Amino acid sequence: MSTKQAETYATINIADLPLIDFAQIGETSENTIRKSLDESEFVIKWNTEPRFITDGTVAIIQVMTHQQALVLMASAEWSEPIDDGLVNAPAQIKL
């Protein structure tokens, strides 16, 4: 099992961001967290449950596995569709 698959992921309300001790999780700062498109939630990950969660300082919205987090990140609430004009476009071959 890879390290990523062993990690636990969680969504948290953005209002709790100042309460996060980044030394206890996989992200290093506010700049490295993933936020929902409406910026109401963010995701953190850990191998050992952080003290700020076990002591109730921060409430978890949802706990996920790595696979569940990938599905969430691909949802409309977390990812904007990419309109690069290449989807289903025929390949242009120059001769």
Side-chain angles (χ1 to χ4, degrees):
M1 178 181 290
S2 77
T3 302
K4 285 193 181 306
Q5 291 174 337
E7 291 173 323
T8 301
Y9 294 73
T11 54
I12 298 174
N13 188 298
I14 200 74
D16 289 335
L17 186 54
L19 304 174
I20 302 300
D21 178 354
F22 288 96
Q24 297 180 35
I25 61 173
E27 294 74 23
T28 57
S29 72
E30 292 182 30
N31 298 324
T32 61
I33 59 167
R34 176 76 182 265
K35 295 178 186 175
S36 60
L37 293 178
D38 67 3
E39 297 194 3
S40 64
E41 300 176 21
F42 64 97
V43 173
I44 62 169
K45 64 181 176 276
W46 67 83
N47 287 316
T48 303
E49 191 167 53
R51 190 174 329 107
F52 57 82
I53 291 174
T54 59
D55 70 10
T57 300
V58 172
I60 294 174
I61 297 170
Q62 178 181 6
V63 175
M64 303 167 285
T65 64
H66 177 72
Q67 186 61 38
Q68 291 167 326
L70 290 175
V71 170
L72 179 68
M73 296 301 105
S75 72
E77 292 81 18
W78 289 81
S79 294
E80 292 181 353
I82 298 172
D83 184 12
D84 60 6
L86 298 177
V87 176
N88 297 321
Q92 300 294 319
I93 300 173
K94 294 183 179 182
L95 300 176

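Note that the structure is predicted; figures quoted are calculated from it, not measured.
Following chains of ILVMFWY side-chain contacts shorter than 4.5 Å, one cannot reach Leu70 starting from Phe42, and the two form parts of different hydrophobic clusters. Hydrophobic clustering (side-chain heavy atoms under 4.5 Å, transitive across Ile, Leu, Val, Met, Phe, Trp, Tyr) keeps Ile33 apart from Val43. Connection of Met73 to Ile44 is not established within any shared hydrophobic cluster, with ILVMFWY side chains joined at heavy-atom distances below 4.5 Å, either directly or through further cluster members. In the hydrophobic cluster analysis, where Ile, Leu, Val, Met, Phe, Trp and Tyr join through side-chain heavy atoms closer than 4.5 angstrom, Leu72 is grouped apart from Ile61. Under a hydrophobic clustering in which Ile, Leu, Val, Met, Phe, Trp and Tyr are joined whenever their side-chain heavy atoms come within less than 4.5 Å, directly or via other members, Met64 and Val71 fall into different clusters.
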Practice item. Assess whether side chain to side chain donor-acceptor pair (under 3.5 Å) is satisfied between Ser79 and Arg34, documenting all intermediate values. Key: CA-CA 10 Å; Ser79 294; Arg34 176 76 182 265; 3.1 Å; yes
Exercise for review: List the steps, then state whether side-chain contact (heavy atoms from CB on, under 4.5 Å) holds for Phe22 with Thr28.
Suggested key: CA-CA 5 Å; Phe22 288 96; Thr28 57; 5.7 Å; no
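Scanning for side-chain contact (heavy atoms from CB on, under 4.5 Å) contacts around Glu77 gives Ser75, with sequence neighbours left out. For Glu27, the salt bridge (charged side-chain N to carboxylate O under 4.0 Å, His left out) test picks out Lys45, with sequence neighbours left out.
At least one donor-acceptor pair closer than 3.5 Å links the side chain of Thr11 to the backbone N or O of Gln62. When atom types are taken as modelled, the side chain of Gln68 and the backbone of Thr65 share a donor-acceptor pair closer than 3.5 angstrom. For Ser36 (side chain) and Glu41 (main-chain N/O), a donor-acceptor pair under 3.5 Å exists by modelled atom type.
To the nearest 0.5 Å, atom CD1 of residue Ile60 and atom CG of residue Asn13 are 13.0 Å apart. The CD1 atom of Ile12 sits 7.0 Å away from the CD1 atom of Ile25 when rounded to the nearest 0.5 Å. Rounding to the nearest 0.5 Å gives a distance of 5.5 Å between CZ of Phe52 and CD of Gln24.
The two residues Tyr9 and His66 come nearest to each other via the heavy atoms OH-ND1, 2.9 Å. Residues Ile53 and Glu49 come closest through the heavy atom pair CG2-OE2, 3.6 Å.
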